[in-house]
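These notes concern the structure reproduced below.
Heads up: numbering here begins at 1 and tracks the sequence.
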Amino acid sequence: MPSAHLIQETSLVEKPPPNRRQFITYGIGGLIAAGAIGTAVTGSISSASGGNNLRSSMTIIAPAAAGGGWDTVAREMQQAQRVNSIINNTQVVNMPGAGGTIALGNLSVLDGDANNLMVGGTGQLAATIQYDSATEYEDVNPLAVTVEEYDVIVVPADSPYKTLDDLMKAWAQNPGNVPWTGGGSFDQLVVTEMAIAGGIKPADMIYVSSDGGGESTQALLNGTVAAAASGYPDSIDQIESGRLRALALVAEEPLEGSDIPTTVEQGYDVTLANWRILMAPGGITDDEKQELENIVLETIETPEWREAIERYNWNENVITGDELTQFIKDETERITALYKELGV
């Protein structure tokens, strides 16, 4: 069976694929449209966040449409800041497009305007690499990683694969007979790491990209694919209902309240997490950067934020300062290597 590579994230625009490979894409938004949205919103951000007092007003940019993971982090942070009077007036602006790189580019245009924060994370960093973005994380001011989400490896409840080893052995024997899916480009990177850990060439794997967790589940249940890497929060209801069987949590340590064994526990060193970061524009002063970091750290200590962590099954992982600089460097190298394995 010929291999097919599918690379997709909501509102992403693909680069033209190499002639020697076949890519199938679903639900790809237009870069021109996304750029127009970003340009239109930039003016409103600047006008809404005017003022030198960082605690008087703040705009939090979610680099995707409403309802996704980045938007959820932004709105939960907004709510925590309002209830606890950390910021007098916090607004959230959605700026979708190109895996978050449209918003990242617009954040860089706000150079020196410290009354702005942006949510980002693994998917956005991956998009800067995949699409060779003109703006990178080093062009802005990363402040703090706050939480992370884990993927879970799932199969249909009636799957012949009872354990992760069952799945991996069958996949290694015949990669074409074990197609995978996931809800976006982050999930594909997880599957790529799984392939490498199982001695499978990523070029040989079949990955059918789905538009979110719901479509991914349907692909499993109708037999289009054999396995999926999907966000734990998106999959837990289907797992608990018995429709899906969880074979592994993609993490180094078990998740509190979950009995799903981790990939590491089962001998597969696959730990790529979907982390969430808060960033500020470049060109701000050291004092402004420190104050913004303080604001973020105060926000994530509030009862409202603690409740959000539990509600969305996030795992808290706070990283700041020099440790954050090294973390971003390591993650950049890691994701770059995975894209090289994919031939992208």
Can you list the steps and then say if T128 with T101 is a side-chain hydrogen bond (donor to acceptor under 3.5 Å, both in side chains)? CA-CA 6 Å; T128 68; T101 60; over 6 Å; no
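- Side-chain contact, Q290 with D286: no donor N or O sits under 3.5 Å from an acceptor N or O.
- In the displayed structure, E252 atom CD is contacted under 6.0 Å by at most 12 heavy atoms of other residues, nucleotides or ligands.
- Contacts classified as ring-ring contact (aromatic ring centres under 6.0 Å, His included) and involving residues 91-127 (residues at least two apart or in different chains) are not found.
- For residues 323-338, the salt bridge (charged side-chain N to carboxylate O under 4.0 Å, His left out) pairs, not counting sequence neighbours, are E193-R334, K329-E333, E331-R334.
- Pairs engaging residues 153-182 under the ring-ring contact (aromatic ring centres under 6.0 Å, His included) rule: W171-W180 [sequence neighbours left out].
- Applying the ring-ring contact (aromatic ring centres under 6.0 Å, His included) definition to pairs two or more places apart or across chains, those involving residues 238-297 are W275-F327.
- Annotation: side chain of V83 is not in contact with side chain of T302 (no heavy-atom distance under 4.5 Å).
- To the nearest 0.5 Å, atom OG1 of residue T263 and atom CG of residue L272 are 10.5 Å apart.
- Sorted by first and then second residue, the salt bridge (charged side-chain N to carboxylate O under 4.0 Å, His left out) pairs involving residues 253-276 (not counting sequence neighbours) are E149-R276.
- Looking only at side-chain heavy atoms (C-beta outward), E76 and I309 stay at 4.5 Å or farther from each other.
- In this structure, T299 OG1 and R82 CZ are separated by 13.0 Å, a value rounded to the nearest 0.5 Å.
- In this structure, OG1 in T336 is found 7.5 Å from CG in L125, a value given to the nearest 0.5 Å.
- Annotation: side-chain contact (heavy atoms from CB on, under 4.5 Å) contacts of T285 (sequence neighbours excluded): D287, E288.
- In this structure, I102 CD1 and I61 CD1 are separated by 12.5 Å, a value rounded to the nearest 0.5 Å.
- Judged as a salt bridge (charged side-chain N to carboxylate O under 4.0 Å, His left out), not a single pair has a partner in residues 91-107 (not counting sequence neighbours).
- Rounding to the nearest 0.5 Å gives a distance of 6.5 Å between CG of L297 and OG1 of T320.
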Review item, side-chain donor-acceptor pairs of residues 223-235, under 3.5 Å, at least two apart:
| unit_1 | atom_1 | unit_2 | atom_2 | d |
| --- | --- | --- | --- | --- |
| T224 | OG1 | N222 | OD1 | 2.5 |
| S230 | OG | S235 | OG | 2.9 |
| S235 | OG | G231 | O | 3.1 |

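- In this structure, the side-chain contact (heavy atoms from CB on, under 4.5 Å) partners of A66, at least two apart in sequence or on a different chain, are D71, N94.
- Crowding of K340 atom NZ: a count of heavy atoms from other residues, nucleotides or ligands under 6.0 Å not exceeding 12.
- Screening residues 240-249 for salt bridge (charged side-chain N to carboxylate O under 4.0 Å, His left out) gives no qualifying pairs among residues at least two apart or on separate chains.
- Although no hydrogens or angles enter the test, the distance criterion places a donor-acceptor pair under 3.5 Å between the side chain of Q78 and the main chain of T90.
- Annotation: side chain of P142 is in contact with side chain of M279 (closest heavy-atom distance under 4.5 Å).
- In this structure, S133 contributes its side chain and E136 its backbone to no donor-acceptor pair below 3.5 Å.
- For E341 and Y339, the side-chain atoms include no donor-acceptor pair closer than 3.5 Å.
- Taking the side chain as every heavy atom from C-beta outward, M194 and L164 approach each other to under 4.5 Å.
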Apply side-chain hydrogen bond (donor to acceptor under 3.5 Å, both in side chains) to the pair N274 and Y150, showing each step before the final yes or no. CA-CA 6 Å; N274 200 356; Y150 297 141; over 6 Å; no
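- With sequence neighbours excluded, the residues that form a salt bridge (Lys or Arg N to Asp or Glu O under 4.0 Å) with E298 are R55.
- Considering CG of L292 and CG of N141, their distance stands at 8.5 Å, rounded to 0.5 Å.
- For D139, the side chain to side chain donor-acceptor pair (under 3.5 Å) criterion is met by no residue, not counting sequence neighbours.
- Side-chain contact check for T59 and Q91: at least one donor-acceptor pair (N or O, by modelled atom type) lies under 3.5 Å.
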